[in-house]
Participant: 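The structure is given below, and queries will be raised subsequently.
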2 protein chains.
Amino acid sequence: MKLTEAKQQFISSWGAFGTHWGINRTMAQIHALLLVSPEPLTQDDIMEELNISRGNTNMNIRELINWGLVERVLISGERKEFFSAEKDIWKVVKQIVKERKKRELEPMLQLLDKLEAVEGDKKDKEVKTFVDTISGIKKLGKQADKTLDTMIRAEESWFVGALMKVFK
Amino acid sequence: MKLTEAKQQFISSWGAFGTHWGINRTMAQIHALLLVSPEPLTQDDIMEELNISRGNTNMNIRELINWGLVERVLISGERKEFFSAEKDIWKVVKQIVKERKKRELEPMLQLLDKLEAVEGDKKDKEVKTFVDTISGIKKLGKQADKTLDTMIRAEESWFVGALMKVFK
DNA sequence: ATATATTTTCAATAATTTTTGAAATTTCGA
DNA sequence: TCGAAATTTCAAAAATTATTGAAAATATAT
């Protein structure tokens with residue numbers, strides 16, 4: 001397979017992949033393109049490569065920057081802005097985990113705390129099932145929260161090594 | 001907070017949560033409703049509770065069954081079908097991990113194997129960056145695949161206990 | 001076997017999300 | 001300070017995804 005074709009396939013699959021994870025196709029594709037580009041690219045480069053409009057490109061680049069996956073690069077002598085993606089995949093994964101934890105897991109845990117305190121008689125089967133389910137989710141959620149915290153702080157080599165010991 | 005209100009909030013949040021994970025709102029809401037119902041429910045119960053049409057209800061119940069999260073229950077003396085959700089959250093998480101691994105991670109790893117074998121001179125910066133990125137993703141992906149396999153086989157108590165040792 | 005209840009399908013419609021492109025704003029060199 | 005280049009915004013349009021509801025298919029009781 002030629003490089004051009006391989007790149008296309010990677011970008012298109014990464015885009016499809018993203019849609020299963022609540023990330024829009026274009027954002028994932030821009031990320032994929034930057035991941036495999038040795039040099040930083042401009043908005044115009046990205047627009048041309050992916051055949052998307054200026055507005056779309058701009059919005060999605062900014063979103064990638066918000067997620068901490070892409071950064072602006074200043075190249076001296078150039079008027080335009082350049083963009084490049086973090087290439088270390090372990091760092092990328094940690095960054096995504098960190099953001100999703102903050103945006104989704106933490107608010108969910110807060111809600112569960114509130115819901116667990118529902119009024120009513122625990123001997124009522126309806127109440128009992130509700131409280132037990134919420135408690136079960138909360139327990140696992142809190143555990144996941146702690147585990148992810150440690151993972152975010154971990155070095156890849158340490159993390160993989162430690163996991164290998166557990167999951168022999 | 002009253003049970004009715006708490007239930008509503010849980011169902012609506014679980015639905016919103018689902019949309020961030022590539023699961024449609026209704027499917028997640030039906031799952032939430034069944035999670036907090038002590039007794040199995042019929043299609044009509046679900047339609048009424050969530051105010052959705054028969055077709056929508058039917059399709060999403062079947063999808064939940066495909067995911068292995070809900071099962072048909074036969075109640076003797078009843079003509080209608082009843083549905084109930086697995087209440088053990090650890091089992092639910094394992095089931096979701098298992099399905100997504102099969103549907104997403106494994107196909108992605110297969111693709112990466114193909115893409116890694118791209119033609120071209122490794123001294124070409126374009127080729128090198130591409131191959132290095134793909135290899136990096138593949139390496140982490142394979143590791144994740146193995147780790148998830150072990151997790152799927154694990155008992156919750158063993159898993160949590162082992163993790164606690166690693167992430168002290 | 002027939003009637004009736006129940007489930008499933010799917011084309012049409014509605015709702016939501018994404019994309020466009022042109023105008024407004026900002027940046028920066030001369 | 002001015003003017004051109006670059007970036008950002010956002011209302012309208014397009015594309016995608018979800019939902020409805022009625023008809024078809026299936027299952028069950030009598």
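Here is the naming used below: chain letters follow the sequence lines, and residue numbers restart at 1 for every chain.
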Participant: Between B/K87 (side chain) and B/S37 (backbone), is there a donor-acceptor pair under 3.5 Å?
Facilitator: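 Side chain of B/K87 to backbone of B/S37, a donor-acceptor pair under 3.5 Å: yes, one is there.
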
Participant: Take atom CG of A/L74 and atom P of D/dT7, then tell me their distance rounded to the nearest Å.
Facilitator: 11 Å

Participant: Under 4.0 Å between a side-chain nitrogen and a carboxylate oxygen: does that hold for B/R100 and B/E104?
Facilitator: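 Salt bridge flag = yes for B/E104 with B/R100.
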
Participant: C/dA3 P sits how many Å from B/R79 CZ, rounded?
Facilitator: 15 Å

Participant: If you only use heavy atoms from C-beta on, which nucleotide in D/dT8, D/dC10, D/dT19 is closest to the side chain of B/S53?
Facilitator: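 The answer is D/dT19.
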
Participant: Rounded off to whole Å, could you give me the NE2-to-P distance for the B/H20 and C/dT16 pair?
Facilitator: 15 Å

Participant: Does B/T26 make a side-chain N or O approach to OP1 or OP2 of D/dT19 shorter than 4.0 Å?
Facilitator: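 Affirmative; the distance criterion is met.
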
Participant: May I ask you to check whether over 12 heavy atoms, not counting those of B/K91, lie within 6.0 Å of atom NZ?
Facilitator: no

Participant: Between B/N58 and C/dT7, is there a side-chain N or O to OP1/OP2 distance below 4.0 Å?
Facilitator: no

Participant: Using atom CE of A/M47 as one end and atom C1' of C/dT19 as the other, report the distance to the nearest whole Å.
Facilitator: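 The distance from CE of A/M47 to C1' of C/dT19 comes to 12 Å, rounded to the nearest Å.
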
Participant: Could you state the CD-C1' distance from B/Q43 to D/dT26, rounded to the nearest angstrom?
Facilitator: 13 Å

Participant: On DNA chain D, check which nucleotide each of A/F82 and B/M27 is closest to and give me the residue with the more 5' one.
Facilitator: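 Result: A/F82.
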
Participant: When you measure from the centre of the six-membered ring of A/W67, is the NZ or CZ of A/R103 under 6.0 Å away and within 45° of the axis?
Facilitator: yes

Participant: If you check every side-chain atom of A/E81, which of C/dT8, C/dC10, D/dT8 has the closest atom?
Facilitator: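 Selected nucleotide: D/dT8.
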
Participant: Send over the distance from A/N60 CG to D/dT9 P, rounded to a whole Å.
Facilitator: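 That distance rounds to 13 Å.
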
Participant: Does B/R62 put a side-chain nitrogen or oxygen below 4.0 Å from OP1 or OP2 of C/dT9?
Facilitator: yes

Participant: Side-chain N or O of A/R25 versus OP1/OP2 of D/dA15: is the shortest distance under 4.0 Å?
Facilitator: no

Participant: Is the distance from OP1 or OP2 of D/dA18 to the nearest side-chain N or O of B/N56 less than 4.0 Å?
Facilitator: no

Participant: If the threshold is 4.0 Å, N to carboxylate O, is there a salt bridge linking B/R54 and B/D44?
Facilitator: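 The answer is yes: the pair qualifies as a salt bridge.
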
Participant: Nearest-Å distance, CZ (A/R72) to P (C/dT27)?
Facilitator: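 Checked: the CZ to P distance equals 11 Å.
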
Participant: Just how far, in rounded Å, is C1' of D/dA27 from NZ of B/K80?
Facilitator: 15 Å

